[in-house]
Structures are given as structure tokens and as C-alpha cells.
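Single-structure report; data block below.
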Amino acid sequence: MRHVVVVGASAAGLAAAETLRRSGFDGTLTLVGDEPHAPYDRPPLSKQILSGEWTTGRLPLRPRADLDALGLDLRLGTAATGLDLTDRTVRLADGSHLRYDGLIVATGVRPRRLPGDRGAHVLRTLDDALALRERLRPGRRLVVVGAGFLGAEAAAVARGLGARVTLVEPAPVPLAHAVGTEVGRLLGRTHLDHGVELRTGVTVTGVSDGGVRLAGGEVVGADEVLVAVGSLPNTEWLADSGLPVGDGVLCDAYCQAAPGVYAAGDVARWDNPLFGTSMRIEHRTHAAEQGMAAARNLLAAPEARRPFAPVPYFWSDQYGTRIQAYGFLRGHDEVAVVEGDLAEGRFVAAYRRGDRLTGALAMGVPPRAVRAWRQAVAGGAAWREAVGAAAA
């Protein structure tokens, strides 16, 4: 193997490139990115960058000298537009073609849009965050469409900057599908306590010059609108390539999508043997871990490859409080508070699917309080044993 192409110059792509070099790959290594910026960290966009706490100089994932030391053929500001599996060629927007022996797809996701929302903000890139930050001032009216973690973080930052914030969510309880009804209600109350107008159970049908239109015809006035209604995996460039695609690049337990082709990060849907299900995870820590796993398996002999079986982890900072979660919370059958008290906003909640512990979420507690639950999830702990031990 003499030429590896990594498409996607963010956390997963950079982790893959670094792992390839650490593992002894000394051939040509091309890293392709559609943004003009060198690989940078995305979680601070909705937190420290949006608030103005950080300058953009703190975002790069690596100093330029470290990137140079990797000996990359770095293609920034140029999107991949096509893939030919037979010829093992990636086509780029500038008209060039890259032949590869091994390929890692790490093209991430893009924000979902709403009808007529061309004037609305989204929050995925550095440029997105800077554009919204410029418009947030005391007294400005911001409507955030979508009360998921991204929308909630942006709402919290905007309130801290003195903006008047309305958070609109179609579900009756924010994030109930992911974290459970009671935890979702607590997160909703937290916004209310900080002066956010939270409107749940309402659907936004479009964005107008003066705000957003609801399904009943009402217009919620706004100076700025942020649409945070989820994301779509960037797989359009793979159309007609023959690579299996369906809510992401479809991979096996080794992150392989086709011979010599692996995927990692937000765009990858793979079979996680730890949970016995297919999943696509959009978390920063996960992206780096999967980038490393994909790179190692690409270089390894078939019999030496290892399944990628992580315990997913994510965190969210809102109003000075950190929310942390380990495991796979979606599709849970039961939630139980095993430490602390929901009413006090300091707790650990455990999640059950079938007869197994599948996740834990903590709010307002030290990291060590939830790490033990990560170990239990990784070990496939039975629900009764795990929850019973916590209650003893």
C-alpha cells in the first residue's frame, strides 16, 4: 500500500492520518477537506467561540508544525465530488483525480435546513459560529429551532450574552427520545430558570424575514434565527459509486465499507458488537476513536483486524453545568436515577435496554461519579446487578 487518501479534514480524518503515520505507513498520505481551514475542533463553536471566550487561534487540533511533520499531501478548500471503486479514484471539485490503495471516508455531516430558511443561521463550521456571534447582542431576539444539545448550548450562550431567546421544539419534552422524559423535563426547566422562553409541542413550517412561522400560522418574531434540527451525513458525493449508503456510509464491525475502503466519524454507520446494533454517532470523542480504529484496520492483515466496539461518550456545557453521558441511550426501555436527585440538578441516571445496562448520564457531578458506570456498560453489566449495587 503506497497511497492512502483520507477524505474529511476534521477530528476523524486527522486522527486517521496520525494513526497511519504512527503505525508505520510511509507512503503518500493525502488529506482532503472542503473547508479552507486546517483541521479544527468543533465542540467549542457552540460554546467558547460563540460566547467570545476563545479566539479562533485556540481551535486548531494541531499546531502547523505538527501537521507539517506528518508529511501530508494536504488538499484544503476542495471538496470530494465522486468515487470510482473499480479504478480506486477520488474525484475532487477542482477537477483533479486521486488514485488510492486505501481510502478512509470521514466527510462528516451538514445541518438540516427548513423551508425558506436561507436567511437563518446554522452552526456547524467556524464561519457559521462567527457569523452568529457577530449578531448576538444584548436585547437582540434569537429564535432557536430545535432543543437538542446543539440548540440548547447556543440558547444558553445567547442568554449569557444578553439576547432574548425563544427555544422552539416540536416534541412535548426536549430530548425525551434520547435521555428520557424526566431528564428532558429537567433540562427544559433549566432554560426556563435562566430566562429562555421554551415552546414545546409546536412545529416550525418555515423561516420568514421577521421570524419563524408555526404550523398554526403564528409568527414568532426574531432578529436572528438559528436552525438546529439535526444533521445529514455527507454522502452525496458517493452516489453511483457502489459504496453502500443509508443514513451514512454503511460499514461492518471493522469500519469497512468495501475492500480497501473504511469510514469514520459522523458519516460512518457501523455495527457496534458491544451493543449488537448498527449506529452512527455524532460525538467529538467518538470521531477521533473511530478514525484511529479505521486506520489501524486499513493497514492490518485481515486476521489481525479488530472490531470497533466503543462505549460512546458525549458532553454538553449549559449555564455553567456539565452534562456527561456514556453508552447508547437511544431506544432505552427504562431510566432510573441511581445517584443524587433530579430536583437538585445533581444526579446520575442509568439506562436499560432489555435486561442490560446500556448507558448512564450525569449532570452537575464530578467525572469520577459516572466513569464507574462506563466500565459497567463496557462489561455488559446486567441491569438488576448494576442498579442493585448502586442502591445498596
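Position 1 is the first residue of the sequence; numbering continues from there. Treat the numbers as computed from the prediction; the structure is a model and nothing was measured.
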Full working for side chain to side chain contact (heavy atoms under 4.5 Å, CB included) between Leu357 and Trp383 | CA-CA 5 Å; Leu357 173 73; Trp383 174 257; 4.0 Å; yes
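- Scanning both residues, Ala378 and Leu274, for their nearest heavy atoms gives O-CD1, 3.5 Å.
- Arg353 contributes atom CZ, which lies 10.0 Å from atom CZ of Phe275 (distance to the nearest 0.5 angstrom).
- To the nearest 0.5 Å, the span separating OG1 on Thr203 from CZ on Arg213 amounts to 13.5 Å.
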Step by step, would you call Asp117 with Arg113 a salt bridge (Lys or Arg N to Asp or Glu O under 4.0 Å)?
-> CA-CA 7 Å; Asp117 72 352; Arg113 308 294 307 226; 3.1 Å; yes
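- With hydrogens and angles ignored, the 3.5 Å screen pairs a side-chain donor or acceptor of Asp84 with a backbone N or O of Asp87.
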Can you list the steps and then say if Asp223 with Arg135 is a salt bridge (Lys or Arg N to Asp or Glu O under 4.0 Å)?
-> CA-CA 9 Å; Asp223 300 305; Arg135 306 295 295 176; over 6 Å; no
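- In this structure, Thr321 contributes its side chain and Asp317 its backbone to no donor-acceptor pair below 3.5 Å.
- The backbone N or O of Val173 lies less than 3.5 Å from no partner atom in the side chain of Thr200, so there is not a single donor-acceptor pair.
- For the residue pair Ser10 and Leu61, the shortest heavy atom distance occurs at C-CD1, 4.1 Å.
- Side-chain atoms of Leu114 and Val225, non-hydrogen and from C-beta on, never get closer than 4.5 Å to each other.
- Around atom CD of Glu385, no more than 12 heavy atoms belonging to other residues, nucleotides or ligands sit under 6.0 Å away.
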Go through the steps for Leu226 and Leu123 under the test side chain to side chain contact (heavy atoms under 4.5 Å, CB included), then give the verdict.
-> CA-CA 8 Å; Leu226 170 63; Leu123 191 48; 4.1 Å; yes
Apply the test side chain to side chain contact (heavy atoms under 4.5 Å, CB included) to residues Val179 and Phe149: give CA-CA distance (whole Å), side-chain angles for both, the deciding distance (0.1 Å), then the verdict.
-> CA-CA 11 Å; Val179 301; Phe149 282 110; 4.3 Å; yes
List the steps, then state whether side chain to side chain contact (heavy atoms under 4.5 Å, CB included) holds for Arg199 with Val220.
-> CA-CA 10 Å; Arg199 301 189 60 172; Val220 180; 3.6 Å; yes
Show your working on salt bridge (Lys or Arg N to Asp or Glu O under 4.0 Å) between Asp68 and Arg64 and close with a plain yes or no.
-> CA-CA 6 Å; Asp68 292 343; Arg64 187 69 200 200; 3.4 Å; yes
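- Salt bridge Arg185/Glu182: present, at least one basic N to carboxylate O contact under 4.0 Å.
- Closest non-hydrogen pair, Ala17 versus Leu29, comes out as O-CD2, 3.6 Å.
- Counting non-hydrogen atoms of other residues, nucleotides and ligands closer than 6.0 Å to CG of Asp240 gives a total of 12 or fewer.
- Between Trp373 and Tyr326, the gap from one ring centroid to the other reaches at least 6.0 Å.
- Looking at every heavy atom in both residues, Leu14 comes nearest to Arg62 through CD2-CG, 3.7 Å.
- Counting only heavy atoms from C-beta outward, the side chains of Trp237 and Thr107 approach each other to under 4.5 Å.
- The aromatic ring centres of His194 and Tyr319 sit less than 6.0 Å apart.
- Using a 4.5 Å heavy-atom cutoff, the side chains of Gln324 and Met363 are not in contact.
- Between Phe314 and His286, the ring center distance fails the sub-6.0 Å criterion.
- Under 3.5 Å, the side chains of Asp94 and Ser96 contain a donor-acceptor pair of N or O atoms.
- A salt bridge does not link Arg280 with Asp266: none of the charged nitrogens is closer than 4.0 Å to a carboxylate oxygen.
- Under the 3.5 Å distance criterion, with hydrogens and angles disregarded, no donor-acceptor pair is assigned to the side chains of Gln48 and Arg58.
- No side-chain heavy atom of Leu161 sits under 4.5 Å from any side-chain heavy atom of Pro138.
- Thr78 and Arg75 are not linked by any side-chain donor-acceptor pair at a separation below 3.5 angstrom, with hydrogens and angles left out of the test.
- Side-chain atoms of Trp270 never come within 3.5 Å of backbone atoms of Ser278 as a donor-acceptor pair (strictly under, hydrogens ignored).
- Proximity of Val109 to Leu232: side-chain heavy atoms (C-beta onward) are nowhere separated by under 4.5 Å.
- One finds no salt bridge joining Glu289 and Arg284 here, because no Lys/Arg side-chain nitrogen approaches an Asp/Glu carboxylate oxygen to under 4.0 Å.
- Of the possible polar contacts, none joining the Arg141 side chain to the Val165 backbone as a donor-acceptor pair under 3.5 Å is found.
- Without hydrogens or angle criteria, Ser241 side chain to Leu83 main chain gives no donor-acceptor distance under 3.5 Å.
- Atom CZ of residue Arg99 and atom CZ of residue Arg88 lie 9.5 Å apart, to the nearest 0.5 angstrom.
- Using a 3.5 Å distance cut-off with no hydrogens or angles, the side chains of Ser231 and Glu282 do pair a donor with an acceptor.
- Counting only N and O atoms by type, the side chains of His177 and Arg330 include a donor and acceptor under 3.5 Å apart.
- To the nearest 0.5 angstrom, Cys251 atom SG is 7.5 Å from Leu243 atom CG.
- Between the side chains of Thr30 and Asp73, at least one donor N or O lies within less than 3.5 Å of an accepting N or O.
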Show your working on salt bridge (Lys or Arg N to Asp or Glu O under 4.0 Å) between Asp26 and Arg2 and close with a plain yes or no.
-> CA-CA 8 Å; Asp26 60 0; Arg2 297 309 305 159; 3.1 Å; yes
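- If you check the side chains of Gln318 and Thr190, you find no donor sitting under 3.5 Å from an acceptor.
- Heavy-atom neighbours of Arg322 CZ from other residues, nucleotides or ligands within 6.0 Å: above the threshold of 12.
- Using a 4.5 Å heavy-atom threshold, the side chains of Val143 and Leu167 count as separate.
- Using a distance-only test at 3.5 Å, with no hydrogens or angles considered, no donor-acceptor pair links the side chain of Arg269 to the main chain of Leu250.
- A donor atom on one side chain and an acceptor atom on the other are not found under 3.5 Å apart for Thr81 and Arg91.
- Rounding to the nearest 0.5 angstrom, the gap separating the CG atom in Asp127 from the CG atom in Leu132 is 12.5 Å.
- Of the possible polar contacts, one joining the His332 side chain to the Leu329 backbone as a donor-acceptor pair under 3.5 Å is found.
- Under the 4.5 Å side-chain criterion, counting only non-hydrogen atoms from C-beta, Leu59 is in contact with Leu126.
- Between the Glu344 side chain and the Arg346 main chain, no donor and acceptor come within less than 3.5 Å of each other.
- Counting only heavy atoms from C-beta outward, the side chains of Met1 and Leu298 approach each other to under 4.5 Å.
- Pairing each heavy atom of Arg124 with each of Gly108, the nearest pair is NH2-CA, 4.2 Å.
- Asn297 places a side-chain N or O within donor-acceptor distance of the main-chain N or O of Tyr254, the cut-off being under 3.5 Å.
- Arg42 and Tyr40 share a side-chain donor-acceptor pair at under 3.5 Å.
- Of all the heavy atoms in Arg356 and Gly380, the pair that sits closest is NE-CA, 3.6 Å.
- Interatomic distance, CG of Leu103 versus CG of Leu85, reported as 8.5 Å (0.5 Å rounding).
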